[in-house]
Number of protein chains: 2
Amino acid sequence: MTDAVDPPKARRPNTRLEEVARAAGVSKSTVSRVINGEPYVSSRAREAVHLAIGKLGYSPNQAARTLAGSRANCIALVVSEQGSRVLADPFFAGVLRGVHAELAGKRVQLVLMMSKEGDEQDLVNYLCGGHVDGVLVISLHGQDPLPRTLADAGLPTVVGGRPLGAGGVPYVDSDNFNGAMEAARYLVSRGRKRIATIAGPRDMAVGMDRLSGWKRGLSQARLDTDLVAYGDFTPESGAAAMADLLKRAPDLDAVFVGADIMALGALQTLHVHGKRVPDDVAVVGFDDLMIASTAVPPLTTIRQDVEQLGRTMTWRLMAELAGEENLPPFLLLPTAMVTRSSA
Amino acid sequence: MTDAVDPPKARRPNTRLEEVARAAGVSKSTVSRVINGEPYVSSRAREAVHLAIGKLGYSPNQAARTLAGSRANCIALVVSEQGSRVLADPFFAGVLRGVHAELAGKRVQLVLMMSKEGDEQDLVNYLCGGHVDGVLVISLHGQDPLPRTLADAGLPTVVGGRPLGAGGVPYVDSDNFNGAMEAARYLVSRGRKRIATIAGPRDMAVGMDRLSGWKRGLSQARLDTDLVAYGDFTPESGAAAMADLLKRAPDLDAVFVGADIMALGALQTLHVHGKRVPDDVAVVGFDDLMIASTAVPPLTTIRQDVEQLGRTMTWRLMAELAGEENLPPFLLLPTAMVTRSSA
DNA sequence: CCAAAACCTGGGAGCGCTCCCAGAACGTTC
DNA sequence: GAACGTTCTGGGAGCGCTCCCAGGTTTTGG
């Protein structure tokens with residue numbers, strides 16, 4: 001077509017749509033239609049295009065599609081946290097696994113982002129810049145304004161774990177309240193009378209919900225709910241909290257620990273104090289991490305299906321992106337008691 | 001310019017470069033230069049642009065940049081594996097953390113991908129389609145052809161963990177050999193005579209390297225290296241392997257377990273068999289997972305800095321992308337012995 | 001004081017795709 | 001056979017940016 005002097009186009013990394021069109025003997029438009037699975041393409045053309053694509057090893061340029069179309073075929077998983085610490089969390093890993101599983105087969109990419117110290121504005125700008133179609137937020141701590149901000153900006157957003165501050169933003173969470181209540185009731189049913197709890201931080205919904213469930217379970221049985229200690233989801237904090245409880249109530253005969261990871265520390269402290277588990281003190285954890293079954297003794301715990309959480313978040317987001325209406329504003333996933341030897 | 005009838009452009013999600021230019025009273029080119037930190041921009045223009053950007057809340061459209069420029073400002077982290085299982089691995093989490101830490105501040109996004117069953121061709125197409133500038137591959141198992149394929153396609157690639165089959169592709173790994181040798185020597189130095197090992201699977205370099213190191217450590221002390229059992233990096237397999245070893249050599253007085261996660265199982269088995277740790281049998285693990293310190297007894301182990309691995313991989317890739325030459329083809333990260341009570 | 005070099009600036013051609021529009025080919029009905 | 005749908009197809013205008021080029025404005029040096 002052009003008779004200009006040849007431009008020094010160095011890069012020619014890939015087949016372009018046009019080459020496929022030429023190879024298939026159709027127009028760009030038709031190739032585009034085939035790729036996007038649109039109707040109104042003759043089966044002859046469709047086959048020719050598929051053949052050409054296969055032969056040329058064509059893969060559409062995502063950037064161009066995003067630019068020309070209006071969606072990015074890409075969602076972000078945002079970990080709203082000081083960051084690095086969270087990635088070590090099995091919770092995060094499980095969610096990630098679920099997100100990936102749910103995305104399998106869909107032509108949607110996952111971009112992982114973390115809000116770095118103060119860079120929040122950058123993050124929001126980026127996310128709202130049309131680079132992603134929707135956002136999954138894992139916001140473990142406190143009154144994080146991020147979900148609210150994103151939702152207000154009109155970006156479809158789903159939060160994992162009940163957000164404390166973001167009223168109205170759709171979220172998915174495990175049913176921490178009922179799980180914890182079940183744990184408490186179980187301990188009651190085993191004849192325990194002096195039941196303590198080690199709860200998570202007060203600024204995390206997951207900690208508070210489990211604490212509430214425990215309280216409800218005990219108060220239904222007319223038992224005291226005064227034996228509460230707090231940890232921060234580390235084994236060390238669990239150990240310290242256990243020591244504190246033991247000092248306050250040497251006669252306690254059970255403890256519900258709001259996270260397996262803290263239960264590990266609690267077990268250590270009990271061991272050090274010469275308390276036999278479960279004979280002297282029954283221990284129930286929460287989460288059912290892998291380490292729960294390998295703990296000494298193996299930990300009775302409330303299992304939450306974190307992978308399912310990731311899957312459900314993703315499903316919810318994709319459904320919204322697909323334009324489904326009247327979707328549930330929030331979803332609670334059931335938990336299940338796993339009885340091992342610690343209680 | 002155009003006097004056409006107004007087109008029904010529904011979407012106008014964001015500020016565009018041109019609006020910034022108008023607001024700042026300069027041309028698109030100048031704005032672009034400011035954004036990309038190019039020289040040859042007067043400070044007056046630069047300030048005006050920054051002001052306009054701030055006022056308008058402008059954030060450049062990534063898709064357009066990628067399309068127009070030649071780089072995507074985006075790298076992929078590929079987990080080459082049947083997938084879901086790996087995400088639960090603390091190794092993966094650590095690497096991810098490191099990658100993120102290294103990327104902080106750089107304007108580079110991270111896309112997470114997994115090679116799903118058979119979809120490998122799709123993956124390769126996508127990655128080679130210019131959608132990412134480079135690839136980080138975590139390939140845990142066997143003779144995975146993926147790194148080779150990517151590298152051959154001219155895509156800058158760095159592998160995490162020594163790949164068995166991908167000769168020539170740059171990789172970063174912990175110094176498993178020397179770490180394991182140190183473990184063996186330590187046991188020898190503590191007077192242990194009958195030292196066994198539980199190794200990882202034969203098709204994983206990490207398992208073999210640690211096994212080799214253990215062998216070398218023992219043979220230097222003229223000790224037998226026949227007490228080898230294999231596991232698959234699960235606590236259960238560690239327990240089974242330990243039982244096997246105990247049957248084969250009831251007199252063994254030490255075991256080097258090629259992964260903390262397997263050591264957990266081994267500890268359980270030893271406990272069941274009435275063996276005291278470390279009095280009867282000394283146990284040394286590898287990895288220094290968080291669970292190592294909370295094990296009963298706390299596990300002496302070889303620490304590998306997985307986060308550093310992720311960081312180093314990323315650094316290596318970014319250096320290559322930046323055009324640095326004569327980069328080291330592979331990098332080995334030192335390990336460190338962590339002495340606790342199990343040995 | 002003028003030429004060369006160094007700075008700064010704007011214009012405009014794409015990047016590879018989608019999506020709109022106009023029109024061709026093929027029925028179907030009166 | 002004219003008039004109308006319905007199915008299919010190609011052309012071409014952008015999407016928002018980068019990067020090249022040409023030209024203007026300063027500084028420098030002889």
Side-chain angles (χ1 to χ4, degrees), chain A residues 1-2 4-22 24-49 53 56 58-73 107 129-131, chain B residues 1-22 24-49 53 56 58-73 107 126 129-131:
Chain A
M1 249 33 148
T2 75
V5 290
D6 80 314
K9 51 178 76 174
R11 59 183 279 276
R12 169 57 48 89
N14 233 43
T15 334
R16 269 120 42 265
L17 186 80
E18 191 153 9
E19 295 178 20
V20 176
R22 214 177 307 130
V26 298
S27 73
K28 278 169 40 181
S29 306
T30 300
V31 178
S32 178
R33 282 184 197 105
V34 171
I35 289 172
N36 294 297
E38 282 169 32
Y40 295 155
V41 180
S42 66
S43 51
R44 207 166 51 81
R46 193 179 303 277
E47 275 159 33
V49 169
I53 287 178
L56 273 57
Y58 169 76
S59 147
N61 181 312
Q62 211 56 40
R65 302 185 82 181
T66 303
L67 185 58
S70 17
R71 66 224 155 316
N73 292 313
R107 301 189 133 267
H131 313 133
Chain B
M1 252 26 153
T2 76
D3 53 355
V5 291
D6 79 314
K9 50 178 77 175
R11 60 182 277 276
R12 170 57 46 92
N14 234 42
T15 333
R16 269 120 41 266
L17 187 81
E18 190 154 9
E19 295 178 19
V20 176
R22 212 177 309 130
V26 296
S27 73
K28 277 168 41 179
S29 306
T30 298
V31 178
S32 178
R33 281 185 198 104
V34 171
I35 289 171
N36 294 296
E38 282 169 33
Y40 295 156
V41 180
S42 66
S43 52
R44 206 166 51 81
R46 193 179 303 277
E47 274 159 34
V49 169
I53 287 178
L56 273 57
Y58 169 75
S59 148
N61 181 312
Q62 211 56 39
R65 302 184 83 182
T66 303
L67 187 57
S70 16
R71 66 222 154 318
N73 291 314
R107 300 190 134 265
Y126 184 89
H131 313 133

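Proteins get letters first, then strands, A, B, ... in listed order; numbering begins at 1 in each.
Rounded to whole Å, atom C1' of dT18(D) lies 12 Å from atom CD of Gln62(B). Between the NZ atom of Lys28(A) and the C1' atom of dT18(C) there is a distance of 9 Å, given to the nearest Å. Rounded to whole angstrom, the span from the CG atom of Leu67(B) across to the C1' atom of dT18(D) amounts to 10 Å. A straight line from CD of Glu38(A) to P of dG10(D) spans 14 Å, rounded to a whole angstrom. For Arg16(A) and dT18(C), the CZ to C1' distance is 17 Å, given to the nearest whole Å. Atom CD1 of Ile35(A) and atom P of dG16(C) are 14 Å apart (whole Å). One interatomic measurement links the two molecules: CG of Asn73(A) to P of dC17(C), which rounds to 14 Å at whole-angstrom precision. When rounded to the nearest whole Å, the span between CD of Glu18(A) and P of dC17(C) equals 9 Å.
An OP1 or OP2 oxygen of dC19(D) is reached within less than 4.0 angstrom by a side-chain nitrogen or oxygen of Arg71(B). For dG10(C), the OP1/OP2 oxygens have a side-chain nitrogen or oxygen of Thr30(B) closer than 4.0 Å. Close to dG11(D), at under 4.0 Å from its OP1 or OP2, lies no side-chain N or O of Ser27(A). For Ser42(A), a side-chain nitrogen or oxygen approaches OP1 or OP2 of dT9(D) to under 4.0 Å. Between Asn36(A) and the phosphate of dT18(C), there is a side-chain N or O to OP1/OP2 separation shorter than 4.0 Å. Tyr58(A) has a side-chain polar atom (N or O) that falls below the 4.0 Å cut-off from OP1 or OP2 of dC17(C). Between Arg22(B) and dG10(C) there is no side-chain N or O to OP1 or OP2 distance below 4.0 Å.
Side-chain atoms of Thr30(B) do not come within 3.5 Å of backbone N or O of Val26(B) as any donor-acceptor pair. In this structure a side-chain-to-backbone donor-acceptor pair under 3.5 Å is present from Thr66(B) to Gln62(B).
Where Arg33(A) and Ala63(B) each meet DNA chain D at their nearest nucleotide, the meeting point lying more 5' is that of Arg33(A). Between Ala64(B) and Val26(B), the residue anchored closer to the 5' end of DNA chain C is Val26(B), taking for each the nucleotide with the nearest heavy atom.
With rounding to the nearest 0.5 angstrom, the OG atom of Ser27(B) is 10.0 Å from the CD atom of Glu18(B). Residue Ile35(B) holds its CD1 atom at 5.0 Å from CG of Leu17(B), rounded to the nearest 0.5 Å. Note that CD of Glu38(B) is 9.5 Å distant from CZ of Arg46(B), once rounded to the nearest 0.5 Å.
Side-chain atoms of Ser29(A) lie closest to dC19(C) of the nucleotides dT9(D), dG10(C), dC19(C). In this structure, the nucleotide among dT9(D), dG14(C), dT9(C) sitting nearest to the side chain of Tyr40(B) is dT9(C).
As judged by a 4.0 angstrom heavy-atom cut-off over every strand, Pro39(A) is placed among residues making no nucleic acid contact.
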